[in-house]
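Numbers here are sequence positions counted from 1. Computed from a prediction, not measured in an experiment: that's the story for all the values here.
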Amino acid sequence: MPQTIINPVQHELLIKKSRFIACVQPMTDRAAAQKIVAQLWAQHPQAAHVCWALLAGGQSAAVDDGEPSGTAGRPMLDVLRHQDLEGVLATVVRYFGGVKLGAGGLVRAYTDSVAQALLKAEKIAIIKQRFLICTAPYALEGMIRRELESSAAVLENVAHGNDVRFEFSLADTGAQALIARLNESGHGRISWMAPDDE
């Protein structure tokens with residue numbers, strides 16, 4: 001099950017006099033990630049590199065920022081993928097210490113920097129939500145409210161007109177079972193609408 005992290009977490013490694021300052025943080029998309037990278041450059045104007053990797057909303061990125069191709073961004077992205085993360089930006093600011101690490105050393109340094117930061121990060125499962133709309137006669141309102149509550153659905157709106165209209169959301173995994181229970185209990189008197197039928 002995909003996870004994301006709750007708060008930004010930093011970790012710093014010193015390897016052969018080079019400083020690797022890693023940060024992992026929740027991120028919505030590439031544009032927001034690029035703003036963070038620009039801020040890091042402003043905060044660390046003496047840094048040699050600001051490498052980053054992103055997995056967010058179907059967008060991914062692996063940026064080496066001047067390090068040899070494939071030695072920074074891709075290993076960082078692999079760490080995010082390996083941990084089944086989504087909506088996460090990993091950045092590593094590198095201050096060069098004068099000793100070259102070689103391609104293998106760089107891959108290890110960037111991988112370890114991100115992995116160590118993620119060890120300190122608080123992760124939560126991403127639960128896909130489903131938004132549903134139904135209408136029912138007034139006589140069924142109490143039963144529907146009880147079913148929604150017992151299913152941990154979030155009632156977002158109720159409108160009273162000729163019928164009662166319910167708008168609610170719940171974990172996608174429980175949606176089909178709730179619809180089936182309501183249809184059975186409502187004896188076919190509950191009508192369902194697609195959210196875009198407005």
Does [atom1] in [X] sit with more than 12 non-hydrogen atoms of other residues, nucleotides or ligands closer than 6.0 Å?
| X | atom1 | answer |
| --- | --- | --- |
| Arg74 | CZ | no |
| Asn162 | CG | no |
| Lys35 | NZ | no |

Ignoring hydrogens and angles, state whether a donor on the side chain of [X] or [Y] is under 3.5 Å from an acceptor on the partner side chain.
| X | Y | value |
| --- | --- | --- |
| Lys123 | Gln83 | yes |
| Arg181 | Ser151 | yes |
| Glu156 | Ser169 | yes |

Is the distance between the ring centroids of Tyr138 and His160 under 6.0 Å?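 Distance test on ring centres: under 6.0 Å, yes.
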Between Tyr95 and His44, does the ring centroid distance fall short of 6.0 Å?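 Here the rings of His44 and Tyr95 have centres that are less than 6.0 Å from each other.
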Test Gln10 against Ile21 for side chain to side chain contact (heavy atoms under 4.5 Å, CB included), laying out the working first. CA-CA 7 Å; Gln10 271 193 266; Ile21 306 164; 3.1 Å; yes
Side chain to side chain contact (heavy atoms under 4.5 Å, CB included) for His49 and Val93? Distances and angles first, verdict last. CA-CA 6 Å; His49 308 279; Val93 176; over 6 Å; no
For Asp172 and Gln129, run side chain to side chain contact (heavy atoms under 4.5 Å, CB included): C-alpha distance rounded to whole Å, both residues' side-chain angles, the deciding distance at 0.1 Å, then the answer. CA-CA 5 Å; Asp172 191 50; Gln129 295 289 304; over 6 Å; no
Please walk me through it: do Ser18 and Arg94 pass side chain to side chain contact (heavy atoms under 4.5 Å, CB included)? CA-CA 7 Å; Ser18 280; Arg94 181 186 181 195; 3.1 Å; yes
Carboxylate-amine/guanidinium proximity below 4.0 Å for Arg145 and Glu149: no
Residue from Val88, Leu89, Leu77, Thr4 passing side-chain contact (heavy atoms from CB on, under 4.5 Å) with Leu55: Leu77
